[in-house]
Amino acid sequence: MTYARGIREDIDWASLGFGYMPVRSHIRYTWSNGSWDKGTLSSDPYITMSIAATCLHYGQAAFEGLKAFRCKDGKVRVFRPQENS
């Protein structure tokens with residue numbers, strides 16, 4: 001592997017695309033008791049993720065659409081419909 005101006009020359013940078021490019025390793029940090037650990041180098045390409053991770057639940061991770069609510073007076077109201085459309 002050679003470098004020119006800090007850039008790897010063995011990668012075709014003009015046609016990277018959005019596909020997965022495997023790497024030898026990555027560093028993992030763990031948050032515990034209010035701070036991050038020093039990190040560990042891992043060659044395992046898999047991660048463990050909680051089933052409750054908000055990125056897996058559309059309604060918690062992204063705007064899920066305009067909501068309407070029926071109020072006590074029977075009228076239906078929406079919050080900022082122009083901004084949410």
Side-chain angles (χ1 to χ4, degrees):
M1 171 177 9
T2 58
Y3 291 86
R5 297 179 316 273
I7 299 172
R8 285 181 55 161
E9 293 178 345
D10 61 332
I11 296 176
D12 182 4
W13 294 97
S15 55
L16 278 179
F18 291 96
Y20 174 70
M21 180 182 289
V23 295
R24 276 191 314 249
S25 59
H26 62 277
I27 191 161
R28 293 183 180 186
Y29 293 94
T30 302
W31 177 266
S32 180
N33 299 320
S35 64
W36 292 101
D37 66 10
K38 294 183 179 186
T40 57
L41 194 62
S42 174
S43 59
D44 181 2
Y46 300 99
I47 61 171
T48 302
M49 185 183 310
S50 168
I51 194 168
T54 57
C55 64
L56 301 176
H57 301 281
Y58 178 80
Q60 295 177 18
F63 177 71
E64 59 186 18
L66 181 63
K67 292 184 178 181
F69 300 93
R70 184 170 306 276
C71 297
K72 289 182 180 181
D73 63 4
K75 292 184 180 179
V76 175
R77 293 188 173 87
V78 294
F79 177 70
R80 297 171 56 176
Q82 291 77 18
E83 290 85 350
N84 290 309
S85 63

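None of the values given here were measured: they were computed from a predicted structure.
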Any residue meeting salt bridge (charged side-chain N to carboxylate O under 4.0 Å, His left out) with Asp73, in chain and number order, not counting sequence neighbours = Arg77

State whether the number of non-hydrogen atoms from other residues, nucleotides or ligands found under 6.0 Å of Tyr20 atom OH is greater than 12.
-> yes

Say whether Met21 and Trp13 are linked into one hydrophobic cluster, either directly or through other cluster members, by side-chain heavy-atom distances under 4.5 angstrom.
-> yes

Any residue meeting side chain to side chain donor-acceptor pair (under 3.5 Å) with Asp44, in chain and number order, not counting sequence neighbours | none

Atom pairs and distances, side-chain donor-acceptor, residues 31-40, under 3.5 Å, sequence neighbours left out:
from: Asp37; atom 1: OD1; to: Thr30; atom 2: N; distance (Å): 3.1
from: Asp37; atom 1: OD1; to: Gly39; atom 2: N; distance (Å): 3.0

Distance (rounded to the nearest 0.5 Å) between Ser42 OG and His26 NE2 = 4.5 Å

